[in-house]
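All remarks here apply to the structure that follows.
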Amino acid sequence: MKDRGLGSNGVGSLIFHTLFTLFIVAPLAVIILVSFSDKGYISMPFEGASLRWYWAILDAPELMNAFWISIWLGLGAATLASLVAVPAAIAIARYRFAGRDGLMALLLSPLMIPHVVLGVAFLRFFSVMGWTGSFLALMLVHALIVVPFALRLTLGAIIGLNRDAELAARSLGASRWIAFRRILLPLILPGVAGGWVLSFIQSFDEVTMTVFVATPGTTTLPVALYHRVAMLTDPVTASVSAIMIVGTMGLMVILDRVVGIDKVLLGKK
Amino acid sequence: MSTLTIRNLAKTYPPNVRAVKSIDLDIKSGEFVSLLGSSGCGKTTTLQMVAGFVAPSAGQVLLDGKDITYLDPDKRDMGVVFQSYALFPHMTVAQNVRFGLEMRRLPEAQIRERVADALSMVRLDGLDRRYPAELSGGQRQRVAIARVLAIRPRVLLLDEPMSNLDAKLRGEMHVELRGLQKRLGITTILVTHDQVEAMTMSDRIAVMANGTIAELGTPQEVYDIPSTEFAFNFLGQSNTVTAKVLSHDEASTQLRVGSSTIRTPRRNGGLSDDVRLFIRPERLTLSSPEAGMITGRVATRLFLGNTWTYEIDCDFGRLRVIKVNTRGGQPQEGELVGISWNEADMQSASGELADA
Amino acid sequence: MRDTSKSTRQPWLLSSPSVALFLGLLVVPLALTAILSFNVFDAMMGTQDSYTFGNYLEILTDSYYYELFLRTALMAGGVTVLCILLGVPETIILSRMGPRYQGIFFVMILGPLLISVVVRTLGWSIMLGREGLINQSLTSLGLIGEPLQLMYSMTGVVIVLTHVMLPFMVIAVWTTLQKLDAQVADAARSLGAGSWTTFRRVILPQLLPGILSGSIIVFTLSASAFATPALIGGRRLKVVTTSIYDEFLHSMNWPLGAAIAVLLLIAIVAVVMGSNRYIERKFKQVFT
């Protein structure tokens, strides 16, 4: 089919579209520009560009630590979320049982509950349990709030799959477990992997809930950045942000290869 | 090989959907039986219960006399060919075919041999490294068949396997699959809604309706002498004629239809009862008005290539007649024609005169 | 799958890890928070073991909290209206493009969803300052004499939240747009409707469910947004979420903070459930 290009949009529409896109992209572009400034304050790099604010990150140990905490947190939370979401997705997609809708609502509820409320709840919970400052506890609650993302992509993969292949494997002599490992899992792997990457991104980016429970030892990168920006907006915040933007774009490319970015962003099944 | 016995098999889905009411069927070793019916008649559910995919609500499935009603599907040694073929898309043709053999933990040499045998049986040699997505519909179906033949199943279960093929290929597969089945002597159940498929392939046909078997017999029996009105109308086409019994004698029964009197072979039934008679359109013959048993006027005619279908208005109501497209003149619309038949072809359900 | 007892056990077995995680780490903490909201708080001694309705009474009788909730609702409402005005036309424009441009612009418009909200907000705070990009360009264009006060203002918060929430509106409208039968518009045109009439009488009514569900998402997420109002609005412009944060981490009045949080949760759930029910009732006959 012939590519319709910009399609049947009139001049007015295209002007609107340009302004709209500019509105969306501008703040991100500004950050990247500012990060290359050679001045000691927020400014455009047109009168002198440098990488000094990228080197400056290395001299900000609290940001470096926070970066690694966020990485490990994201890896752990995404993995745990996928481990519990895959069997739950199979149950929801493949069985009709009383409580199925309730289960679905429960597992998607972190999307509806304001993260501030979750932050308050976990802060209270951790202090009651004596888990304050525990990395493991933070990882568990991060896993909980990213389960909806892992679940949705995994569900999408299973629902789109014809069940006959598993039945065929079963009647050819495969046990339930073998049919899962050799037939179902390989077929839904792109969905599971996409769910994992999306969960990682969501955990890595989470700030509202984490800002309540983070302690000096468990401060994540967005939380550290939040606290720094709340005090002053210096070029280091811009260079850290620029790295986060580029890193996210890299993960988006991976997501696009694995499941197709449209499935992730538009929630297509 | 194996015999399969189905006793009082039933499946009720909650809240109260009786998908299969009660099925009794004895399948002899090496026999090919078709479950024929329209969608929703319970034929697929029956097959799934035999395969072990669906747990029956009541009844038994016996394989060589052993109760397998609640046995897991992986312990049944049955080969299932699905309508969707259900090939494993992430495995090559060879990997698909060897899957069942790996599950049986056969030695590698034997697996290779059986895979090669199975692929050559379905004439797919040389395609073993292809992935299912790289095959045509017909080839995919052959892989699905090879995959189950490789495990040498005790029973072959075919679930509408030909419905995704085009008409010509389907005809070829009927012959080929039936040939393979006979040669290997595998006890087989075919689920289908296609009458031609059931007729050409089966030793016996079970016509299903409303979760039960309505008619069971060889293809010729179920077509020529069905015992139910349902089968008359479901298999092929039938004209229904309402008649009144006038009298009986030794060999025959006299009946009145409209203003005509006709005879059929002797049947039971009280005098002046209203009964329904059935006659197949191809058993009616057309002639000149004088030569016919009754006369009628052609209302419409349809040309189908090898045959003509006539709708004729007469004393009996409207009759459908199928006539082979022979050389020579065919009656025109509006023409007066004679209609004749063999008295024995004017049948009623189960040889009885059913009440109208 | 084999017999009935097994078929009811199997799904619960499969979902038990997730259910355990959610019961232990979601239901229990929320219950603890609900209990906390009834605890007595003493300025000298902190949270007490005794219970009271005092926290709720304080919120319900103090006009400060009415203003707080009202301000939050107005902010979320403003963001929702802007998202409709900008997001709906943009989605329609996108739908008319060829697949290649569509793909590029989708990633540009929806991609920011995956970038940390703190980062996006930082970008805006650079642009919104008194010396920032927006004031500089407006001044140099001669449109304004005095720089606008955008930081620490409602206008600024609404602008930035609109930027954060727009992708959700685009997604919701796009999903509905995909289900439309393109021939329906052609039919309207061939029956004599102009392009504007076709849009207003044929397209828009069919988009309404998507716009509504997008609005619910945007409204609730805006009302529960924290980082953006905290960084752009600052201490001068408090909303519900930032005041909860202050109660917990500055005033250390946990019970009162918990009570505000419980009320926020109830309000959000009520908005979601209420509007979902409304949508279902209104559109059930048309979209089944």
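For the numbers below, each heavy atom of this structure counts, side chains included, while hydrogens, waters and symmetry mates do not. Proteins get letters first, then strands, A, B, ... in listed order; numbering begins at 1 in each.
Side-chain contact between A/Phe23 and C/Ile109: absent, with no pair of heavy atoms (C-beta onward) separated by less than 4.5 Å. Counting only heavy atoms from C-beta outward, the side chains of C/Met127 and A/Pro27 approach each other to under 4.5 Å. Within the 4.5 Å cutoff, side-chain heavy atoms of A/Phe212 are placed close to those of C/Ile244.
In this structure, chain C has no heavy atom under 4.5 Å from any part of A/Ser35. Using a 4.5 Å cut-off between heavy atoms, C/Thr241 contacts chain A through both its backbone and its side chain. Proximity to chain A is absent for every atom of C/Pro167, based on heavy atoms less than 4.5 angstrom apart. Contacts of A/Leu118 with chain C are made by side-chain atoms alone, with heavy-atom separations under 4.5 Å and no backbone atom involved. Contact of A/Val34 with chain C is made through the side chain alone, with heavy-atom distances under 4.5 Å. Residue contact with chain C, scored on non-hydrogen atoms closer than 4.5 Å, involves the backbone and the side chain of A/Thr208 alike. Using a 4.5 Å cut-off between heavy atoms, C/Leu128 makes no contact with chain A at all. Residue A/Leu103 touches chain C through its side chain alone, counting heavy-atom pairs closer than 4.5 Å. Interface remark: C/Tyr245 contributes backbone and side-chain atoms alike to the contact with chain A (heavy atom separation under 4.5 Å). Residue A/Glu206 does not touch chain C at all, counting heavy-atom pairs closer than 4.5 Å. Only the backbone of A/Ala98 comes within less than 4.5 Å of a heavy atom in chain C; its side chain stays farther off. For C/Trp254, the part lying near chain A is the side chain, with the backbone staying farther off; criterion is any non-hydrogen pair under 4.5 Å.
Annotation: the span from C/Leu25 atom CG to A/Met129 atom CE amounts to 8.5 Å, rounded to 0.5 Å. One finds the NE2 atom of A/His227 at 10.5 Å from the CG atom of C/Leu231 (value rounded to the nearest 0.5 Å).
The heavy-atom pair separating C/Ala261 from A/Val117 by the smallest distance is O-CG2, 3.6 Å. Pairing each heavy atom of A/Val120 with each of C/Ala258, the nearest pair is CG1-CA, 4.4 Å. The minimum heavy-atom distance linking A/Thr248 with C/Leu114 is given by the pair CG2-O, 3.2 Å. C/Leu32 and A/Phe125 make their closest contact through CD1-CD1, 3.5 Å (heavy atoms, listed as atom of the first residue, atom of the second, distance). Across all their heavy atoms, C/Gln10 and A/Tyr95 have their closest contact at CG-OH, 2.9 Å. Nearest heavy atoms, A/Ile24 versus C/Pro112: CG2-CG, 3.8 Å.
In terms of non-hydrogen atom pairs under 4.5 Å with chain A, the most contact-rich of C/Val272, C/Leu166, C/Leu94 is C/Leu166. For the set A/Leu255, A/Ile201, A/Ile90, the count of heavy-atom pairs under 4.5 angstrom toward chain C peaks at A/Ile201. Among A/Leu123, A/Val147, A/Leu221, A/Val223, the residue making the largest number of heavy-atom pairs under 4.5 Å with chain C is A/Leu123. Annotation: maximal heavy-atom pairing with chain A below 4.5 Å, among C/His163, C/Met108, C/Glu131, C/Glu247, occurs at C/His163. Of the listed residues (C/Phe248, C/Phe22, C/Trp12), the greatest number of heavy-atom pairs within a distance under 4.5 Å of chain A belongs to C/Phe22. Between chain C and the residues A/Leu251, A/Leu198, A/Leu28, A/Leu80, the largest count of heavy-atom pairs under 4.5 Å involves A/Leu28. When the candidates A/Leu144, A/Ile245, A/Val116 are compared by the number of heavy-atom contacts under 4.5 Å with chain C, A/Leu144 comes out ahead. If you tally non-hydrogen atom pairs under 4.5 Å between each of A/Val211, A/Val240, A/Val86, A/Val141 and chain C, the highest count goes to A/Val211. Most heavy-atom pairs under 4.5 Å with chain A, from the set C/Leu36, C/Leu30, C/Ile268: that is C/Leu36. With chain C as the partner, the residue from A/Ile32, A/Ile31, A/Val128 showing the most heavy-atom pairs under 4.5 Å is A/Ile31. With chain A as partner, the option from C/Gly132, C/Ser15, C/Ser116, C/Ser224 having the largest number of non-hydrogen pairs under 4.5 angstrom is C/Ser116. No other option in C/Leu21, C/Thr33, C/Leu265, C/Leu122 has as many heavy-atom pairs under 4.5 Å with chain A as C/Leu122.
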Worked verdict on C/Leu86 versus A/Phe16 for side chain to side chain contact (heavy atoms under 4.5 Å, CB included): CA-CA 9 Å; C/Leu86 298 176; A/Phe16 179 90; 4.2 Å; yes
Criterion side chain to side chain contact (heavy atoms under 4.5 Å, CB included) on A/Ser13 and C/Arg96, from CA distance to verdict: CA-CA 10 Å; A/Ser13 296; C/Arg96 294 193 195 138; 4.0 Å; yes
Residue pair A/Asp205, C/Val117: steps toward the side chain to side chain contact (heavy atoms under 4.5 Å, CB included) verdict: CA-CA 7 Å; A/Asp205 286 349; C/Val117 129; over 6 Å; no
Worked check of side chain to side chain contact (heavy atoms under 4.5 Å, CB included) between A/Ile113 and C/Leu26: CA-CA 10 Å; A/Ile113 303 172; C/Leu26 184 68; 4.2 Å; yes
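No more than 12 heavy atoms of other residues, nucleotides or ligands lie within 6.0 Å of OH in C/Tyr152, so this atom counts as exposed by the packing criterion.
For the side-chain contact (heavy atoms from CB on, under 4.5 Å) criterion with A/Met252, the lone passing option out of C/Val107, C/Leu110, C/Ile115 is C/Val107.
Aromatic ring orientation, A/Tyr226 versus C/Phe226: tilted (interplanar angle from 30° to 60°).
Shown here are the side chain to side chain donor-acceptor pair (under 3.5 Å) partners of C/Thr228, two or more places apart in sequence or in another chain: C/Thr121. In this structure A/Arg100 satisfies the side chain to side chain donor-acceptor pair (under 3.5 Å) test with no other residue, sequence neighbours excluded.
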